[in-house]
Undergrad: 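The structure that follows is given in the form of structure tokens.
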Protein chains: 2
Amino acid sequence: MESRLDYIFAALADPTRRDILVTLLEDDMAVTDVAEPFEMSLAAISKHLGILRRAGLISQEQRGRVKWCKLEPDAMRDASIWMQSFGQFEAVNLDAFEKFLSREMPLIQGRSET
Amino acid sequence: MESRLDYIFAALADPTRRDILVTLLEDDMAVTDVAEPFEMSLAAISKHLGILRRAGLISQEQRGRVKWCKLEPDAMRDASIWMQSFGQFEAVNLDAFEKFLSREMPLIQGRSET
DNA sequence: ATAATGGTCAACCAAATGGTTGAATATAAC
DNA sequence: GTTATATTCAACCATTTGGTTGACCATTAT
């Protein structure tokens, strides 16, 4: 009875994996490129990517000897919806959203206008 | 460098804890009452509640020998916002929301009109 | 005063996590 | 054909997690 939510929330609970997701916002990437900024073995990153894939948060496609990783943001939908059901807070408070973005994820500032 | 998100997502990754949160949507409750529907020792539930409290998702207040548990939905805000930043999907798709609710959380159907 | 209730603590256990290394595999390049 | 690159696999390790049980501490009830 392992819920999909189990996998998604578990995947998101690790900061390395959240960083990977943020990185992948920019573009699809090979495993090696995903791993580059982290002070951690390639094998470790490979495991993290496996967990993200199990959760459906990314997909991977083999092309030649390189495996491309692609963000699958739709997978976050169910989890996001689940959380919103507790939404005593306004559905999306854009002010808070922007403040949070600049605080936590300065790298992707440009994205806040999506 | 333990992020608040670590605790929140980790807390949400367990189905028992998500069930507890859903239960607490209904009303504040004593630990024993929270535990009642679960086939699990009181001590186990007590631990789960500790993890939810660490994440800020609930608060607890001792009154006499009874410890009351209260949902703190605001704590989900940062996590929810974080997820929305990946929102390739429309901020809140209400159709999907309702369908998801009736599928996953029939108990709180009445809430979908909040 | 004694007994029952509400809850946590401590010790323990099995399984899962997050990391490491070194070997292995497959593709690409020279 | 040999070498280098991209990635995973397997074995291992320490720590965390999710659960148990039994003792313990308060508070309430008799």
Undergrad: Can you list everything that forms a salt bridge (Lys or Arg N to Asp or Glu O under 4.0 Å) with Glu39(A)? Sequence neighbours excluded, please.
TA: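 Counting only residues at least two positions away or on another chain, Glu39(A) forms no salt bridge (Lys or Arg N to Asp or Glu O under 4.0 Å).
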
Undergrad: Consider the side chain of Ser46(B), meaning its heavy atoms from C-beta on, and name the nucleotide among dT8(C), dT8(D), dG18(D) that approaches it most closely.
TA: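 Among dT8(C), dT8(D), dG18(D), the one nearest the side chain of Ser46(B) is dT8(C).
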
Undergrad: Identify which nucleotide among dT8(D), dG19(C), dT8(C) has an atom closest to any side-chain atom of Val31(B), counting heavy atoms from C-beta outward.
TA: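 Of the candidates, dT8(C) comes closest.
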
Undergrad: Could you state the atom-to-atom distance from CD of Gln62(B) to P of dT8(C) in whole Å?
TA: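 Those two atoms, CD and P, are 7 Å apart.
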
Undergrad: Can you tell me the distance, in whole Å, between the CZ atom of Arg17(B) and the C1' atom of dT17(D)?
TA: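 It works out to 8 Å between those atoms.
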
Undergrad: Could you state the CZ-P distance from Arg18(A) to dG18(C), rounded to the nearest angstrom?
TA: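 That distance rounds to 12 Å.
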
Undergrad: Quick check for you: to the nearest 0.5 Å, what is the distance between Met76(B) atom CE and Trp82(A) atom CH2?
TA: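 Here the interatomic distance stands at 5.0 Å.
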
Undergrad: For the pair Arg18(A) (side chain) and Leu12(A) (backbone), establish whether a donor and an acceptor sit closer than 3.5 Å, ignoring hydrogens and angles.
TA: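 Side chain of Arg18(A) to backbone of Leu12(A), a donor-acceptor pair under 3.5 Å: yes, one is there.
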
Undergrad: Starting at atom CD of Glu36(A), determine the distance to atom P of dA6(D), rounded to an integer number of angstrom.
TA: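 The answer, rounded to whole Å, is 12 Å.
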
Undergrad: Could you give the CG-to-C1' distance, from Leu49(B) to dG6(C), as a whole number of Å?
TA: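 It is 13 Å, rounded to the nearest whole Å.
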
Undergrad: dT17(C) P sits how many Å from Ile45(A) CD1, rounded?
TA: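 Computing the Ile45(A):CD1 to dT17(C):P distance gives 17 Å.
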
Undergrad: Donor-acceptor pair, distance only, cut-off 3.5 Å: does the side chain of Arg53(A) make one with the backbone of Cys69(A)?
TA: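 No, the answer is negative, given that no donor and acceptor are paired below the 3.5 Å cut-off.
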
Undergrad: Rounded to the Å, how far apart are Arg54(A) CZ and dT8(D) P?
TA: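 Interatomic distance, CZ of Arg54(A) to P of dT8(D): 16 Å.
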
Undergrad: Distance check, rounded to the nearest 0.5 Å: Asp19(A) atom CG versus Asp14(A) atom CG?
TA: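 So the gap between those two atoms works out to 9.0 Å.
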
Undergrad: Just by modelled atom types, is the Ala79(A) backbone N or O under 3.5 Å from a matching donor or acceptor in the Arg4(A) side chain?
TA: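 Checked: no pair found.
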
Undergrad: Does the protein touch nucleotides 20-30 of chain C at the base, only the backbone, or not at all? Give it as B, S and - per nucleotide, heavy atoms under 4.0 Å.
TA: BB-----BSS-

Undergrad: Asp6(B) CG to dT17(D) P: how many Å, rounded?
TA: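 Distance check: Asp6(B) CG to dT17(D) P gives 11 Å.
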
